[in-house]
Amino acid sequence: MLSIVTLISGRGSNFETIVKIAQKEQWPVKFAGVIANHSAAKGLEFACSQGIPAYAIEHKGYPNRESFDGALIQKIDALGADLVVLAGFMRILTPGFIRHFEGRLINIHPALLPAFPGLHTHERALEAGVKEHGATVHFVTEGVDEGPIICQASVSVLAGDDPDSLAARVLKAEHQIYPFAIKWFLDGRLRIEGNHVKLQPPESQFFKL
Ligand code: GAR
């Protein structure tokens, strides 16, 4: 049985959705732990309620990114992670961390990458006047919000949308695609070929929601 370690920074709604779907569909997976970079992260409470080991490793307690990431690596390795799931983890990771977990580190980003990497994606999408916005699940490589794309979901931008209404629609899409991407990984269906992720056997990796 494969083990997942999840990193969060806040609410943890993606994490919660993934755990609930895994439970409902009886995935053969162990949620070996959840780590937040501060103890107030809401998602830690859900983890505790499910008996999932929950840890806070406060980034403020470390003098630099390398030492914080070193502590994260140690904890994640001790938990025996086969897959590291970033679910709203709002820290930039060091190249050393990313190399350590290469090919088993995935992230969800609230935009149709490569459009709108970084923060405030919904505000920026509205400002740019795009008609479609969405979410991307990808393997993590060294650039910020970069790496081979596993799947994407798009939602229409509606007249009258504000950043909150758009964020809510995108979050719903995130909750639909992240479990798919993780299940594909667990089932050994993902092949990374250069900057592309092939799903075997093939199936659409794009969802219009
Ligand atoms: C999600 O919208 C996720 O895509 C975003 O943070 C939110 C976390 O929500 N992540 C990023 O912006 C990473 N670049 P959640 O804590 O409720 O899952």
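One-based numbering, in listed order, for ligands and for the atoms of each. Quick caveat: nothing in here was measured; it's all calculated off a predicted structure. Throughout, numbering of the chain's residues begins at 1 and tracks the sequence.
Residue contacts with ligand 1, taken as heavy atom pairs separated by less than 4.0 Å, do not involve Leu86 at all.
Summarising the geometry of Pro117 relative to Arg124, their closest heavy-atom pair is O-NH1, 2.7 Å, with the distance given to 0.1 Å. Across every non-hydrogen atom of Ile192 and Pro148, the tightest pair is CG2-CG, 3.9 Å.
Using a 4.0 Å heavy-atom cutoff, Ile8 is absent from the residues neighbouring ligand 1.
Of the residues listed (Asp77, Thr94, Asp69), the one engaging His100 in a side chain to side chain donor-acceptor pair (under 3.5 Å) is Asp77, and it is the only one.
Backbone and side-chain nitrogen or oxygen atoms of Asn107 are examined, and none is located within less than 3.5 angstrom of a nitrogen or oxygen of ligand 1.
Counted within 6.0 Å of CD on Glu102, heavy atoms from surrounding residues, nucleotides or ligands total 12 or fewer; the atom is thus considered open.
For atom 15 (P) of ligand 1, the closest non-hydrogen atom on the protein side is Ser13 N, 3.4 Å. Among all non-hydrogen protein atoms, the one lying nearest atom 10 (N) of ligand 1 is Ile108 O, 3.7 Å. At the top of the distance list for atom 14 (N) of ligand 1, counting protein heavy atoms only, stands His109 ND1, 3.2 Å. Considering only non-hydrogen protein atoms, atom 5 (C) of ligand 1 sits nearest to Pro110 CD, 3.9 Å.
Taking the centre of each ring, His122 and His133 come in below the 6.0 Å mark.
For atom 17 (O) of ligand 1, the choice among Glu174, Glu16, Arg11, Met90 with the nearest heavy atom turns out to be Arg11. Taking only non-hydrogen atoms, the option from Gly88, Gly12, Ala167 nearest to atom 6 (O) of ligand 1 is Gly88.
The aromatic rings of Phe207 and Trp184 sit parallel, their planes meeting at an angle under 30°, below the 60° perpendicular limit. Ring planes of Phe139 and Phe185: tilted class, angle from 30 to 60°.
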